Amino acid sequence: MALKLGAYTACLHDRTLTEALDVLRSNGLTSVEVNTGGFIPAPHCPVDLLLSSATAREEYLATFADRGMELTGLNCNGNPLNPLPGVGPKHAEDLRRTIRLAGLLGVRHVVTMSGTPGSDPGARYPSWVVNPWDGVYMDVLDYQWGVAVEFWTEMDALARENDVRVAIEMHPHNVVFSPVTLKRLIDETGATNLGAEMDPSHLMWQGMDIVAAIKWLGPLVFHAAAKDAMLCPGADIRGVLDTSFTRVPADDPGKVPTGYGFWCNAWPKDPAWKFVAVGIGHDVAYWTEFLRALAEVDPEMAVNIEHEDAAYSQTEGLALAARNLNQAAAEL
């Protein structure tokens, strides 16, 4: 038994599925995760077709098997709790469809985010509470957790019905952004089919001990991402909760949508932290211990590279990450 090393194909969105798979295979990767909705489109997964046709599902899975690869996860990252009518309802429905599709395909894991509601029932926009030292923010959190528990109780039941496990990425700007908040969601929903996608990058810049986090969550870690991050000199004056991003113009051809009328902002030129290719922020020895901790939870867990290092091209960054991840695995 061995960990399944692979990649999330979002970084190869401008290639066909077969072209993307060939890139992964050329880098010694066999596990594949594709997007099915949420924040970004699904160029490598025809969700409607696959939901409606058993023949299409067989042919789709054969595309992976014929190359000696395995589809280990469907990714539907978004904000299903967003009060904006053009975001929350769509992301929630994308997630429901993804869970059903995973069940039909026999894919065990769906990766997503917990989401963030507004501050109160009349709020128009999502609101993330960072440090609730003022009592008013406890009221906000009480409301938000009520919304989250109701929604995720429904999702847990749907996942159980479809024999799927939902792996939640602990991502800042969500009610679940740490092992402690992940465990709270499990406890308050009584979930059987909700757990964690261990993406270490977001925990790194928050200052957490990744191996300790994996050990603390134990069997609640379902699935993993190989994604690195590093603190930068900008942290000296910005701190990791910096808000000095800038708007990307609406006519920018490279903008990344997050919902109807909204898209990602631009990072400051001297950020406090940034995502980097696996092995750049933390050396190979560090990643070996990361993999070792995951293998102690599940020796056959899927660990998929998520390439978001702007210093490298799509294929260069993925190749660098794959070399370092494969080397780390070889050291186990």
Side-chain angles (χ1 to χ4, degrees), residues 3-8 10-11 29 31 33 72-73 75 77 109 111-114 165-174 176-183 185-186 194-232 235 240-241 267 271-312 317-318 320-332:
L3 296 169
K4 301 172 182 178
L5 305 184
Y8 175 36
C11 66
L29 303 172
S31 171
E33 185 177 323
T72 56
N75 190 305
N77 275 334
H109 293 111
V111 178
T112 190
M113 297 174 185
S114 68
R165 301 200 300 178
V166 178
I168 296 175
E169 181 177 348
M170 295 171 283
H171 193 300
H173 210 278
N174 286 264
V176 171
F177 62 93
S178 65
V180 170
T181 49
L182 187 284
K183 183 66 163 52
L185 185 67
I186 305 303
L194 302 182
E197 187 227 18
M198 180 51 67
D199 180 337
S201 63
H202 304 293
L203 308 189
M204 286 171 175
W205 67 259
Q206 291 183 78
M208 298 184 205
D209 182 322
I210 308 304
V211 170
I214 295 170
K215 292 180 180 296
W216 189 80
L217 286 169
L220 289 178
V221 179
F222 290 171
H223 193 82
K227 186 177 177 185
D228 209 344
M230 64 184 296
L231 293 181
C232 304
V240 298
L241 299 180
W267 290 57
W273 59 272
K274 63 181 179 180
F275 297 125
V276 293
V278 171
I280 299 296
H282 297 79
D283 62 19
V284 169
Y286 179 98
W287 286 98
T288 296
E289 295 312 306
F290 172 72
L291 295 178
R292 191 186 312 281
L294 293 176
E296 288 175 358
V297 175
D298 177 1
E300 294 186 318
M301 188 179 297
V303 185
N304 294 327
I305 294 165
E306 185 175 358
H307 169 49
E308 290 189 6
D309 188 336
Y312 296 91
L318 185 58
L320 175 59
R323 283 198 301 273
N324 288 329
L325 189 65
N326 281 318
Q327 184 180 344
E331 297 297 326
L332 285 177

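Note that this is a predicted model, so its numbers are computed, not measured.
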Residue list, salt bridge (charged side-chain N to carboxylate O under 4.0 Å, His left out) with Glu306, at least two apart or on another chain:
Lys227

Salt bridge (charged side-chain N to carboxylate O under 4.0 Å, His left out) partners of Arg292, counting only residues at least two apart
Glu289

Grab the two heavy atoms, one from [X] and one from [Y], that are nearest each other, plus how far apart they are.
X: Ala196; Y: Leu182; value: CB-CG, 4.0 Å
X: Thr72; Y: His223; value: O-CE1, 3.6 Å
X: Leu29; Y: Ala7; value: CD1-CB, 4.1 Å
X: Ala224; Y: Met301; value: CB-SD, 4.1 Å
X: Val211; Y: Ala293; value: CG1-CB, 4.1 Å

Supply the atom-to-atom distance [X] [atom1] to [Y] [atom2], rounded to the nearest 0.5 angstrom.
X: Trp216; Y: Ile214; atom1: CH2; atom2: CD1; answer: 13.5 Å
X: Phe222; Y: His109; atom1: CZ; atom2: NE2; answer: 6.0 Å
X: Ile305; Y: Leu5; atom1: CD1; atom2: CG; answer: 7.5 Å
X: Ser114; Y: Leu194; atom1: OG; atom2: CG; answer: 10.5 Å
X: Ile168; Y: Phe177; atom1: CD1; atom2: CZ; answer: 14.0 Å

Is the shortest heavy-atom distance from the side chain of [X] to the side chain of [Y] under 4.5 Å?
X: Met198; Y: Leu217; result: yes
X: Tyr312; Y: Leu318; result: no
X: Met208; Y: Pro179; result: yes
X: Pro200; Y: Trp287; result: yes
X: Val303; Y: Phe290; result: yes
X: Met230; Y: Met204; result: no
X: Leu203; Y: Met170; result: yes

Who are the side-chain hydrogen bond (donor to acceptor under 3.5 Å, both in side chains) partners of Glu169, not counting sequence neighbours?
Asn77, His202

Listed pairs under 3.5 Å, donor-acceptor, residues 274-285 side chains, sequence neighbours left out:
from, atom 1, to, atom 2, distance (Å)
His282, ND1, Asp228, OD1, 2.7
Asp283, OD1, Ala285, N, 3.3
Asp283, OD1, Tyr286, N, 2.9

Give the table of side-chain donor-acceptor pairs shorter than 3.5 Å for residues 325-332, with sequence neighbours excluded, one pair per line with atom names and distance.
from, atom 1, to, atom 2, distance (Å)
Asn326, ND2, Asn27, O, 3.3
Asn326, ND2, Ala322, O, 3.1

Between the side chain of Asp298 and the main-chain N/O of Glu300, is any donor-acceptor distance below 3.5 Å?
yes

Salt bridge (Lys or Arg N to Asp or Glu O under 4.0 Å): pairs with one or both residues in residues 215-224, sequence neighbours excluded
Lys215-Glu296

